[in-house]
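Scroll down for the structure; my scribbles are underneath it.
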Protein chains: 2
Amino acid sequence: MSSLAEVARHAGVSKATASRALSGAAHVSDATRARVAASAAELGFVASTSAASLVTGRTRNVGVVTPFISRWFFGEVIEGIEEALIDAGYDLSLFRVQEDPDLRQRVFDYFLVRKRVDAVITVCVALSPEEIRALAALGKPVVGIGGGIAGMSSLRIDDVAASRLATEHLLSLGHQRILHVGGDQEERMDFHVHAQRLAGFRQAMATAGHRPGDDFAAATEFTIAGGFATGLRVLGNPATRPSAIVAASDEVAIGVILAARQLGIQVPRDLSVVGIDDHDLAEMFGLTTVRQVPRAQGRDAVGMIMASIDAREITSHDLQLPLTLRVRSSTSAPQPD
Amino acid sequence: MSSLAEVARHAGVSKATASRALSGAAHVSDATRARVAASAAELGFVASTSAASLVTGRTRNVGVVTPFISRWFFGEVIEGIEEALIDAGYDLSLFRVQEDPDLRQRVFDYFLVRKRVDAVITVCVALSPEEIRALAALGKPVVGIGGGIAGMSSLRIDDVAASRLATEHLLSLGHQRILHVGGDQEERMDFHVHAQRLAGFRQAMATAGHRPGDDFAAATEFTIAGGFATGLRVLGNPATRPSAIVAASDEVAIGVILAARQLGIQVPRDLSVVGIDDHDLAEMFGLTTVRQVPRAQGRDAVGMIMASIDAREITSHDLQLPLTLRVRSSTSAPQPD
DNA sequence: GTTGAGACTGGAACCGGTTCCGCACTGCGG
DNA sequence: CCGCAGTGCGGAACCGGTTCCAGTCTCAAC
């Protein structure tokens with residue numbers, strides 16, 4: 001309610017001095033600063049961000065663009081971002097974009113442009129060339145989580161390596177007939193992640209001397225329900241049943257495990273399953289998985305943003321996060337038959 | 001980049017006229033309006049929200065306060081809110097608050113105050129008296145989803161009735177030994193929802209002539225993992241095993257079903273389970289549940305907010321949403337023994 | 001004793017829109 | 001023919017901060 005002018009009057013100083021005192025700038029005596037701070041506290045003064053950003057051009061607000069909110073990976077990332085931003089005194093504007101081109105255009109050409117955000121974090125959004133151009137034209141720091149953006153900072157695990165690691169684990173246990181359940185070959189708009197995990201699987205198989213045909217990769221929606229449906233489909237026929245499955249995400253892996261149980265297939269005795277993520281539920285299902293920590297990725301992305309803002313320069317780092325395999329009880333050597 | 005002044009100059013009119021033309025105000029000739037619009041389009045003009053809100057006091061931004069992001073109910077609500085806000089040309093600032101009192105105070109006394117939001121939507125946040133006072137002091141529309149706030153608008157299902165409905169379904173099937181898995185009796189900070197669902201269970205049981213002792217309600221975390229752990233605990237002993245369980249949410253119910261499977265208990269033959277929510281996964285687990293549509297609740301909350309903003313008055317409606325029981329395959333009459 | 005550097009402070013311009021007010025002009029009723 | 005309402009438009013004030021610039025004062029150095 002109260003304005004800086006009132007605080008200044010109450011403290012017996014000018015608006016200029018009051019502003020300097022509150023913002024921590026130099027050239028204000030300790031006595032004055034204390035008096036202004038006391039007045040501000042007494043009057044319950046909170047600076048209007050509109051006024052401040054009008055003149056400084058900085059809004060203390062970061063835009064987050066994501067295709068999903070409730071899926072585990074995305075939710076965790078967003079929570080990590082939110083925590084870190086709040087700590088830094090920033091708030092977060094959330095924009096959800098999926099395939100709808102009209103909506104995407106509105107977000108990129110209108111919402112992100114109206115001088116409301118200091119920076120943008122994209123979470124697993126594959127951007128069209130025009131969208132990349134629009135982001136670059138903002139002249140503001142941009143960090144992509146989980147999907148690199150040409151020419152901008154990114155933060156991610158090496159998806160190819162993660163999938164390779166998961167596959168190698170199964171190979172080292174002696175599995176021969178391994179199926180990948182995840183994205184399909186054609187690179188979908190939103191997710192090169194999917195294509196890369198498939199590629200990692202193929203690399204590992206090829207290195208081990210396998211020649212997987214198309215039937216060794218099954219496409220699925222990236223949810224528990226998707227993994228379940230696909231699992232029922234690919235595990236239904238005992239003749240063609242794989243001895244192990246690499247799921248492109250833990251949610252898919254959990255769906256597959258549930259499908260196996262439904263079909264009376266024992267995990268890991270009859271079927272080994274490995275995922276990627278280390279989802280909250282992985283422990284409960286005893287799921288062997290490649291661990292990543294999306295919440296930390298969110299925090300780190302904010303760190304990169306803040307460094308860039310403080311340095312007043314738009315840098316472009318490419319950060320790859322470490323991977324670890326967590327072996328639980330969903331994988332074992334194949335049953336000798 | 002380009003300012004209103006430049007657009008005005010380019011169109012050969014004054015700033016005042018340009019502003020009126022673009023905002024759709026009256027007293028501008030059609031010809032002038034078209035010329036200004038053309039200039040604005042040509043220069044790629046997008047009004048600075050900071051400048052606009054500095055003078056109008058309106059920001060076209062709504063704050064959303066929620067304890068969780070990735071749990072199903074919350075994620076769905078947030079997605080619904082986001083869609084509706086984007087449609088209305090608003091964006092959404094997300095604030096996550098849980099128990100940490102320092103963080104809560106920062107959000108309520110600082111972030112929400114700095115003239116950055118036109119309205120606030122709370123999602124299942126039980127507010128302290130000071131927090132309610134802080135929200136009221138904003139003088140802005142506030143809508144609470146899933147948890148009523150004294151004196152402010154709210155939008156929710158009748159949690160007591162929902163739980164009663166679920167319980168009556170089991171009673172009507174002939175179950176005698178019914179256990180509630182959900183919140184505990186003491187009203188937790190964040191969730192009167194939990195207490196109300198427990199109360200609904202008790203009402204139904206009492207009406208049916210039962211006298212449930214404390215052992216007929218088990219407390220749990222409201223997640224699949226929580227339901228699983230609690231399920232293992234309460235189903236472990238065949239002597240005390242209930243014939244049916246009312247879970248306070250579908251996530252809990254799914255956890256209970258998984259625990260039952262693990263223990264070799266057949267659902268619904270040996271155990272009926274009913275939930276509340278109609279979660280995405282309910283179909284897959286054949287879960288009988290009381291349906292609510294959180295995404296629609298999010299959209300409706302935005303509708304209430306917009307109506308209040310348009311009317312320039314802070315009204316206080318209390319909207320209760322309809323409930324429907326969806327019977328699937330997780331419930332049946334108890335096995336005669 | 002004068003000078004100059006540096007710390008403090010106030011006045012005023014400024015960010016980029018919105019809106020009040022006044023003026024010119026048109027058209028209609030009396 | 002005059003008065004008056006109503007439309008279309010421009011000038012200028014204004015929202016509430018930040019920051020440039022200039023002025024005062026202190027104090028050490030010459």
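Chain A is the first sequence line, chain B the second, and so forth, proteins listed ahead of strands; every chain is numbered from 1.
- When side chains are defined from C-beta on, A:Leu22 counts as touching A:Leu4, because their heavy atoms get closer than 4.5 Å.
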Could you give the side-chain donor-acceptor pairs of residues 299-313 of chain A under 3.5 Å, partners two or more places apart or in another chain?
{"residue": "A:Arg299", "atom": "NH1", "partner": "A:Glu83", "partner atom": "OE1", "Å": "2.8"}
{"residue": "A:Arg299", "atom": "NH2", "partner": "A:Asp87", "partner atom": "OD2", "Å": "3.2"}
{"residue": "A:Ser308", "atom": "OG", "partner": "A:Glu313", "partner atom": "O", "Å": "2.7"}

Side-chain donor-acceptor distances from residues 45-52 of chain B under 3.5 Å, at least two apart:
{"residue": "B:Ser48", "atom": "OG", "partner": "B:Ser50", "partner atom": "N", "Å": "3.3"}
{"residue": "B:Ser48", "atom": "OG", "partner": "B:Ala51", "partner atom": "N", "Å": "3.2"}
{"residue": "B:Thr49", "atom": "OG1", "partner": "A:Arg114", "partner atom": "O", "Å": "3.0"}
{"residue": "B:Thr49", "atom": "OG1", "partner": "A:Arg116", "partner atom": "NE", "Å": "3.2"}
{"residue": "B:Ser50", "atom": "OG", "partner": "A:Ser53", "partner atom": "OG", "Å": "3.2"}

Just list the side-chain donor-acceptor pairs under 3.5 Å for residues 118-127 of chain A, sequence neighbours left out, or say none.
{"residue": "A:Asp118", "atom": "OD1", "partner": "A:Thr59", "partner atom": "N", "Å": "2.7"}
{"residue": "A:Asp118", "atom": "OD1", "partner": "A:Thr59", "partner atom": "OG1", "Å": "3.0"}
{"residue": "A:Asp118", "atom": "OD2", "partner": "A:Thr59", "partner atom": "N", "Å": "3.0"}
{"residue": "A:Asp118", "atom": "OD2", "partner": "A:Arg60", "partner atom": "N", "Å": "2.7"}

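- If you check every strand for non-hydrogen atoms under 4.0 Å, A:Ser19 touches a base.
- Every residue was checked against the side-chain hydrogen bond (donor to acceptor under 3.5 Å, both in side chains) condition with A:Glu82, not counting sequence neighbours, and none meets it.
- Applying the salt bridge (charged side-chain N to carboxylate O under 4.0 Å, His left out) test to pairs two or more places apart or on separate chains, none has a residue in residues 13-23 of chain A.
- Side-chain contact between A:Leu94 and B:Val64 is absent, with no heavy atoms from C-beta onward closer than 4.5 Å.
- For A:Thr315, there are no side-chain hydrogen bond (donor to acceptor under 3.5 Å, both in side chains) partners at least two apart in sequence or on another chain.
- Put simply, the side chain of A:Leu135 does not reach to within 4.5 Å of the side chain of A:Lys140, judged on heavy atoms.
- Looking at residues 7-18 of chain A, you'll see A:Gly12, A:Val13, A:Ser14, A:Ala16, A:Thr17 sit with a heavy atom under 4.0 Å from some atom of DNA chain C.
- Residues satisfying the side-chain hydrogen bond (donor to acceptor under 3.5 Å, both in side chains) test with B:Gln105, not counting sequence neighbours, are B:Asp109.
- Checked options A:Phe73, A:Phe222, A:Phe74; the residue passing with A:Phe68 is A:Phe74 (criterion: ring pair (Phe, Tyr, Trp, His ring centres under 6.0 Å)).
- Within residues 28-47 of chain B, the residues that place at least one heavy atom under 4.0 Å from DNA chain D are, in residue-number order, B:Val28, B:Ser29, B:Thr32.
- Looking at residues two or more places apart in sequence or on another chain, you find no side-chain hydrogen bond (donor to acceptor under 3.5 Å, both in side chains) involving A:Ser3.
- Inter-residue side-chain proximity for A:Leu112 and A:Val65 is flagged as met; some heavy-atom pair is nearer than 4.5 Å.
- Across all strands shown, B:Ser3 has heavy atoms under 4.0 Å from sugar-phosphate atoms exclusively, and none from any base.
- Per the geometry, CG belonging to B:Leu4 stands 14 Å off P belonging to D:dG11, to the nearest Å.
- Each end of the helix from C:dG1-D:dC30 to C:dG30-D:dC1 gets its own axis, taken as the rotation carrying the C1' atoms of four end pairs onto the next four within a five-pair window, and the two axes meet at 50° to the nearest 10 degrees.
- Bracketed by its first and final contacts, the part of DNA chain C lying under 4.0 Å from non-hydrogen atoms of chain A reaches from C:dA7 to C:dG16 in 5' to 3' order.
- In this structure, A:Arg20 places its CZ atom 10 Å from C1' of D:dC20, rounding to the nearest Å.
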